[in-house]
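Here's the structure we're looking at; comments come further down.
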Amino acid sequence: MIEIVEVAPRDGFQSIRTPLATKTKVDIIHALADSGCRRIEAGAFVSPKAIPQMRDMADIAAALQPKENVRYMVLVPNQRGIELAINSGFTEFGYVFSASESHNQNNVRRSVQTSMDELIRLVDYLHSTPIDWRLRVNLATTFDCPFEGRQPTHRVMDLIAFIQAQVPQAEIALCDTTGRANPRQVGELSAALLETYRDQNTTWAFHGHDTYGLGVANALAAYAAGIRVFDTAAAGLGGCPFAPGATGNTATEDLVFAFEESGIPTGIDLHRLLDVADTIAALPGGVIGSHLRHVPRARL
Ligand code: COA
Ligand code: ZN
């Protein structure tokens, strides 16, 4: 069994400029849960000036129904985001920073070093709270930066060593922010990390985009290397506003199909998921991807 983290409500919705109604977002999150998605990134506690689409997170939180066996996670760029998320009742956080200096500046308006210092602070802060929290750290531009290109492997390994030392029990996500990674690169880095940290509690995740059509291939390369958690977005919705040229995440339906056809269960009902993907694809202002949505349902 692998774990899919459905990120359309965050990585996808953030790419849509027109404000979506809170109810529309919440209905989609619930429908994703009902299709079998057991982990959902429900949004982001970020500056409303940076991503206006995420300004109703507190309202989304209030309307979200807890569902059995479904975990909701939210993205945060700083401790402020964690504090707001906790106030809204969330206990799972995805902290993001980039391997490349220029993408980090563009995305969170600070140096990589400042983001690393913030990670130390927010872990201390989390330890000081009574809540039973889980932290994921998303390392954006692990493989490629829209401004600097391919990142040196030693730099990525050093950053991951830092993250792992701060929060050994974290889930660390290798993010192919631009979708320009290739299966060999993903496979080699994933294998090196799993080997280096084989005696640790760290969980590894692969967050892929499908810009160059390699999203599924890259995820399967990560799987072959031992990674079992994958971020995808229903309908392939998305495109980071701070990564020019990148399109949406690998479509959830495409990766579910790839795994299920290979005999690897995902827990997701493909037909129900495709119905939600159709709803997402019909949202005004969204840019979508996906292969499976174009296949006649009778052929699935
Ligand atoms: N949630 C909500 N509001 C926040 C916030 C958060 N996590 N962090 C800061 N803010 C608010 C501040 O209160 C301030 O509000 P004000 O202008 O009304 O006083 C404003 O945002 C600016 O705060 P500042 O600390 O100066 O941040 P900044 O302007 O340097 O921006 C970030 C830094 C990280 C807050 C911003 O760049 C951001 O939210 N980026 C996220 C981008 C993103 O989501 N990218 C896609 C994901 S990969
Ligand atoms: Zn992304």
Side-chain angles (χ1 to χ4, degrees), residues 4-17 41-61 73-88 90 93-100 102-112 114-119 121-122 125 136-147 173-181 186 205-212 214-215 218-219 229-234 236-252 255 287 289:
I4 297 258
V5 182
E6 171 56 57
V7 300
R10 198 279 300 170
D11 215 342
F13 290 171
Q14 76 179 15
S15 69
I16 299 182
R17 281 178 182 274
E41 194 172 39
F45 282 86
V46 295
S47 162
K49 286 181 194 137
I51 311 261
Q53 187 64 266
M54 295 293 152
R55 58 165 22 108
D56 58 347
M57 279 310 298
D59 299 331
I60 289 179
M73 177 170 74
V74 286
L75 185 106
V76 295
N78 54 15
Q79 184 179 323
R80 176 85 202 284
I82 291 211
E83 289 167 5
L84 293 170
I86 291 175
N87 287 345
S88 284
F90 289 100
F93 317 103
Y95 177 66
V96 62
F97 72 99
S98 312
S100 76
S102 46
H103 186 264
N104 207 56
Q105 284 288 355
N106 208 38
N107 194 33
V108 290
R109 298 162 57 92
R110 64 198 55 182
S111 67
V112 172
T114 307
S115 281
M116 291 162 77
D117 295 343
E118 183 79 353
L119 175 62
R121 258 197 307 277
L122 67 84
Y125 169 73
R136 128 126 33 155
V137 181
N138 294 301
L139 187 62
T141 66
T142 289
F143 303 96
D144 176 70
C145 166
F147 312 108
L174 313 176
C175 302
D176 180 21
T177 309
T178 62
R180 206 186 188 295
V186 173
F206 177 71
H207 173 102
H209 284 252
D210 201 26
T211 317
Y212 294 79
L214 292 179
N218 285 335
V229 182
F230 301 90
D231 291 4
T232 55
L237 179 71
C240 174
F242 303 101
T247 63
N249 294 92
T250 307
T252 309
L255 196 60
V287 178

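Just so you know, ligand 1 is whichever comes first in the structure, and atom 1 is the first atom listed for that ligand.
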| said: Rounded to the nearest 0.5 Å, what separates atom OH in Tyr212 from atom CG in Asp176? | reply: 9.5 Å
| request: Using a cut-off of 2.8 Å, count how many protein N, O or S atoms are strictly closer to the Zn ion (ligand 2). | output: 3
| message | Going by side chain to side chain contact (heavy atoms under 4.5 Å, CB included), Arg80 matches just one of Leu84, Val76, Ile82. Which one? | response | Leu84
| remark: Between Arg136 and Ala173 the two heavy atoms that sit nearest each other are NH1-CB, 3.3 Å
| query | How close do Phe230 and Ala219 get, heavy atom to heavy atom, and via which atoms? | reply | CE2-O, 3.3 Å
| request: Enumerate the protein residues lying less than 4.0 Å from ligand 1, judged by heavy-atom distances, in chain and residue-number order. | output: Arg10, Gln14, Phe45, Val46, Ser47, Pro48, Lys49, Ala50, Ile51, Leu75, Pro77, Asn78, Arg80, Gly81, Leu84, Asn107, Val108, Arg109, Arg110, Phe242
| Taking only residues two or more places apart in sequence or in another chain, which ones pass side chain to side chain contact (heavy atoms under 4.5 Å, CB included) with Arg109? | none
| said: Please enumerate all residues that pass side chain to side chain donor-acceptor pair (under 3.5 Å) together with Asn218, with sequence neighbours excluded. | reply: none
| Charged N-O contact under 4.0 Å between Glu118 and Arg121 | yes
| field | Asp231 vs Asp11 side-chain heavy atoms within contact, under 4.5 Å | value | no
| task | Check for a donor-acceptor pair, side chain of Asp144 on one end and backbone N or O of Thr177 on the other, with a separation under 3.5 Å. | result | no
